[in-house]
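This report refers to the structure that appears directly beneath it.
Hydrogens, waters and symmetry mates play no part in the numbers below; they use all other heavy atoms, side chains included.
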Amino acid sequence: MNRKENFFAGFIRENPVFGLYLGLCSTLAITTSLNNAIGMGLSVIVVLTASNIIISAIRKITPDEIRIPVYIVVIATLVKITGMLLQAYFDSIYSAIGVYIDLIVVNCIILGRAEAFASKNGIFDSALDGIGMGLGYTLALIVMSVIRQILGSGILSFANPMTNEMIFSLRIIPESFTISMFTTPTGGFLTFAVLAAALTVYKNSKAAKLQKKEAK
Amino acid sequence: MNKIVKLAIFLGIVSAIAGGALAAVNNVTAPIIEKKKAAASQGALLEIFPDATFTEVEFKDESGIILAVHRAENKGYIFEMKNAGYNTGSPLEFMLGIDDNGNYVGYKVIVNEETNGLGSRVSDDEFKNTIVGKTIDDEIDTLSGATLSSRAIINGINAAKTVYGDLAGVEVEVKEPEVKVAQISLSEDYSSNNAVVENSEEVDGNTVYTVSAKGFEGVNVFEITVNGNGEIVKVANIEFKDTVGVGDIAIAEDYLASFNNATLDSTLDACAGATYTSKSIAAAVQAVLSGNGESEPLDEEENSSEESSEEETPVANEGPKFVINDDYSGCNATVEGSEQTENGTVYTVSSYGFHGTSIFEVTVNENKEIVSVVCTEFNDTEGIGDSATTEDYLAKYVGATMESSIDVSAGATYTGKSVAAAVQAALEQ
């Protein structure tokens, strides 16, 4: 398989959130602000890439019967380490999304990629897949959180996760016109549904074009 | 059998490596995390007693409010407390510093998720200043409009006082917090309560008005009985839409009776803990008292029967006028562009009418007189607002200056106002 194509698949075509519908609980829960989305996205990239590398490295010596428990031990260890590092060095992000960090263990994206990709491919390809899928997940989180934050609070802001210092904060919608529902899970579901539908329409139209071409 | 042992050993090895890695990372991060946590709570303590060293002390607290007591060596005590105010889901968490002489030296709210603008004010300096600087012998008043939240704090302070007495070996006297009540004057401006007299009815020589007025979160409806001399005989609540369990203490008969015989000059106590609902009552009473002299109850009824479902307020008589120099800020008239012509300067002005923004071309000559007004884009109600944009009506503006008054466009008041606003904006250029 083409490496480049493989790497970019996670962005749009096989976007883990909108295309594969993986890891939705954490997506709906943390996309209330851009800061949370980026913090969660980066954590997932780190865990996903590291777990893909490790699982790919041990794929030949892992007995098939216990591969799932082994994956879970590997993933849980990496998640716990990420959580501890975040708590120690990025405590503002940790206080916002710490609860969900532990949930990465059961985030289907990671186990899904381990099972579907890393256990069958080489270390380098697995690392690329981890980064690509992780970026796709992050992209999905960013798109959703930008929409929800702007509609819900009218402000788009981003703070430096190291120092908690505000980098930018723009008021885009006057306060009286904001829809606070978008900060609740209800708004998360709505945003998700609209975006997932949009991606499906895009994919269908592309497939239709492809078919036409072949027909010619 | 052999296979199972192999699998178990493999899983064991993987787990051991994972455990080792976790232990290694934990070794590095645990001290940093610990330090950060300590710095966070220490920071708050140091704000109250700078440069002090703190030790936690044992204490006996019957109220259950006090979470921890810190002894600042040679200086005093800091009490960490948690007590629910209005938001019982997330209690207030706060700190109080009492020095060895019994003075309140510091007060800091750490968690405050009370209603924004009301209970949230217990975090403000206004309330802090009523505590810091006082001593354990002083009483602290609640904050009117934030009675429940401030009472939670004061109960905490009283609990701290009791414990302080034990620890420092001094006698302390703890009194129930005295509730400070807001004064509501009936001549105040209650326009934000939007009191509207909905109806009136003659009963045994008295007039009973039905008045709606906005309270804290909903519109309450009152029946206010006024006698022939314009005095309040009775106030009764017939519909209550404020917070149940909070605002409803203000609609108790006892409290409503305090409005009896009130006049516009009266000043009454607000009902403690329900300041906003009390204000809605005051607004309703004010609406009745101030409207009483002008409109006879009979008119009131005629008006209400005449009121049609028309969108715009009909103004039947020729009397009222638009004063061009009036305040039309609601119309948001904006000059979008201008152009010099033989007749003068033509301004393109957008102005908001009843539910849409219409565009006008207003021509002004060099003497700052209106030469013509033309509506180029009409976005108000067809068939209603457009009577204010007919050539005939707009011709009334010809020759107008900033000092002029123009007849109100009967039946299309809002659109008419948008015309006046546009003309005003053009003349201001």
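For a residue to count as touching a neighbouring chain, one of its non-hydrogen atoms must lie under 4.5 Å from one of that chain's; by this rule A:Leu78 does not touch chain B. Heavy atoms closer than 4.5 Å to chain B are found in both the backbone and the side chain of A:Gln87.
Heavy atoms from other residues, nucleotides or ligands lying under 6.0 Å from CD of B:Glu34 number 12 at most. Within a 6.0 Å radius of NZ in B:Lys214, more than 12 heavy atoms belonging to other residues, nucleotides or ligands are found. For A:Phe189, the CZ atom sits in a loose shell: 12 or fewer heavy atoms of surrounding residues, nucleotides or ligands are nearer than 6.0 Å.
Screening B:Thr29, B:Leu22, B:Asn26 for a side chain to side chain contact (heavy atoms under 4.5 Å, CB included) with A:Ile81, the sole residue that qualifies is B:Leu22.
Residues A:Ile61 and B:Phe10 approach most closely at O-CE1, 3.4 Å, considering heavy atoms. Of all non-hydrogen atoms in A:Thr77 and B:Ala18, the two that sit nearest each other are OG1-CB, 3.0 Å.
Atom CG of A:Leu85 is separated from atom CD1 of B:Ile32 by 9.0 Å, given to the nearest 0.5 angstrom. With rounding to the nearest 0.5 Å, the separation of CG in B:Leu7 from OG1 in A:Thr62 is 11.0 Å.
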